[in-house]
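All values derive from a computational prediction rather than experimental measurement. Here is the naming used below: chain letters follow the sequence lines, and residue numbers restart at 1 for every chain.
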Amino acid sequence: MPAAIKGTITVDGQEITITNPEKLLWPDCGITKRIYLEKLAALSPYLLRYCRDRLLTVIRYPHGVSGMSFYQKNAPDPLPAFVQTAVHENINYIKLQGLAELIWLGNLAALEFHPSLHYVGSDLPCEWMIDLDPSREVEPRIMEATAIVGTVLTSLGLSSVPKTSGATGVQIIVPIETGVTFDGLRKIGHFVGRYVTEKHPNLFTLERLKKNRGDKIYFDYLQHYSGKTLAAPYTPRARPLATVSTPLLWEEVRQNVSPTDFHLLNIEERLQRMGDLLEKVPPQPVQQLIAKLP
DNA sequence: GCCTGGT
DNA sequence: ACCAGGCAACGCTGA
DNA sequence: TCAGCG
Ligand SMILES: [Mn+2]
Ligand SMILES: [Mn+2]
């Protein structure tokens with residue numbers, strides 16, 4: 001055993017203790033904690049935009065992706081003075097407001113960041129995220145399914161941005177004006193889900209029981225509740241290949257890219273080239289559509 | 001990874 | 001001083 | 001009422 005290393009770095013004026021920088025967090029990719037923290041810093045302008053002012057859930061892997069993991073919602077005690085929290089339903093959530101918080105959590109081996117779909121203190125969703133969950137561990141039709149949903153959205157007059165979840169699935173994000181409710185999103189989600197399931201009954205399912213889904217892709221329109229979370233855009237995932245939840249061009253969906261194409265070791269270059277694809281789409285007229293639904 | 005409580 | 005345990009559990013759905 | 005789900 002090499003002696004454990006411990007040191008302090010200063011991030012945005014805050015002192016943060018870093019332990020075991022050479023510990024392998026993604027052994028198959030050779031990603032140590034040191035490399036992870038560097039990649040988090042590169043991701044931070046993008047990731048933080050979709051985490052700030054929300055209730056944060058992290059998933060931690062103190063011994064790397066192949067070790068035991070646990071969810072953490074409650075802020076640990078003691079908490080660094082610079083970390084803000086917010087209470088929601090009896091849980092004292094961490095707020096991921098800046099790079100200092102991100103690096104602090106990275107040192108704690110928080111490998112995944114799952115923010116709420118609403119801002120702290122609000123009951124309203126920030127965006128509509130259509131969640132497609134494959135039943136199989138590898139789903140070659142996931143981009144085909146994504147394209148189908150995208151076409152339906154287009155026919156409804158809605159622009160959207162697909163993103164890999166970083167695991168096996170995809171989310172399709174429709175920016176919305178504030179004022180749309182979670183009830184409204186479930187309603188329009190159910191509507192779109194019924195439509196694609198009817199048109200492609202072998203590809204999509206709305207079946208809630210796993211054992212009845214076969215190998216179809218679950219159209220999960222029930223994610224839209226206050227307090228529920230989804231993998232943030234640009235969050236790393238605790239998967240063997242260190243995949244990152246990555247917003248895509250629709251053209252890339254047509255070209256059938258794989259979720260494993262986008263990972264911690266190549267995401268920086270992509271972001272420099274493409275910027276934040278999500279930011280480029282303005283709020284869409286979702287409320288009018290919901291209002292017209294039966 | 002790190003803190004706490006029990007031994 | 002050392003070690004084991006904890007770190008999310010809960011609301012909603014469909015039957 | 002409750003197992004199953006995310
Ligand atoms: Mn999903
Ligand atoms: Mn889901």
Separation of dG1(B) atom P from Ile103(A) atom CD1, nearest Å, is 15 Å
**Asked** When all nucleic acid strands are considered with a 4.0 Å heavy-atom cut-off, which category describes Asp133(A): base, sugar-phosphate, or nothing?
**Response** nothing
Sugar-phosphate only, base, or nothing, as touched by Pro78(A) at under 4.0 Å among non-hydrogen atoms: sugar-phosphate
When rounded to whole Å, the CZ to C1' distance for the pair Arg186(A) and dC5(D) reads 15 Å
- Task: For dG6(D) and dC7(C), measure between their P atoms and round to the nearest Å.
- Result: 23 Å
What one should report as the nearest heavy-atom pair of Val161(A) and Leu248(A) is CG1-O, 3.9 Å
In whole angstroms, the gap separating P of dG1(B) from OH of Tyr36(A) amounts to 12 Å
Picking from dG6(D), dG1(B), dC5(D), the nucleotide nearest the side-chain atoms of Asn107(A) would be dG1(B)
- Classify the nucleic acid contact of Glu89(A) as base, sugar-phosphate or nothing, counting any heavy atom under 4.0 Å across all strands shown. nothing
Which of dG1(B), dG4(D), dA9(C) is nearest the side chain of Arg208(A)? It is dG4(D)
Ile59(A) CD1 to dC7(C) C1', in whole Å, measures 13 Å
Rounded to whole Å, the CZ-P distance (Arg60(A) to dG5(C)) equals 18 Å
Glu144(A)/Arg141(A) ion pair, N-O < 4.0 Å
no
Picking from dG6(D), dA8(C), dT13(C), the nucleotide nearest the side-chain atoms of Lys73(A) would be dA8(C)
Met68(A) atom CE is separated from dA8(C) atom P, nearest whole Å, by 16 Å
Ignoring backbone atoms, establish whether Tyr225(A) has a side-chain N or O less than 4.0 Å from OP1 or OP2 of dT13(C).
-> yes
P spacing across the pair dC5(D) / dA8(C), given as an integer number of angstrom: 23 Å
**Asked** Base, sugar-phosphate, or nothing: which does Lys23(A) touch, judged by heavy atoms less than 4.0 Å apart?
**Response** sugar-phosphate
Q) What orientation do Phe219(A) and Phe204(A) show, parallel under 30°, tilted 30 to 60°, or perpendicular over 60°? A) perpendicular
To the nearest angstrom, the CG-P distance between Leu222(A) and dG4(D) comes to 18 Å
Are OP1 or OP2 of dC2(B) and a side-chain N or O of Thr19(A) less than 4.0 angstrom apart?
yes
Report task. Under 4.0 Å between any heavy atoms, over every strand shown, what does Tyr221(A) touch: base, sugar-phosphate, or nothing? Just pick one. Result -> sugar-phosphate
Per atom distances to the Lys33(A) side chain, the nearest of dG1(B), dA8(C), dG6(D) is dG1(B)
query: Going by the angle between their ring planes, with limits at 30° and 60°, are Phe182(A) and His118(A) parallel, tilted or perpendicular?
result: perpendicular
note: Asp77(A), atom CG; dC2(B), atom C1'; distance rounded to Å ~ 11 Å
Output side-chain donor-acceptor pairs under 3.5 Å for residues 61-70 of chain A, partner residues at least two apart or in another chain, one line each.
none

For Arg186(A) and Tyr225(A), does a side-chain donor sit closer than 3.5 Å to a side-chain acceptor?
-> yes
Open item on the list: Counting the atoms with a prime plus P, OP1 and OP2 as sugar-phosphate, which does Lys228(A) contact under 4.0 Å by heavy atoms, base, sugar-phosphate, or nothing?
Closed with: base
- So, is Lys210(A) close to the dG6(D) phosphate, meaning a side-chain N or O under 4.0 Å from OP1 or OP2? yes
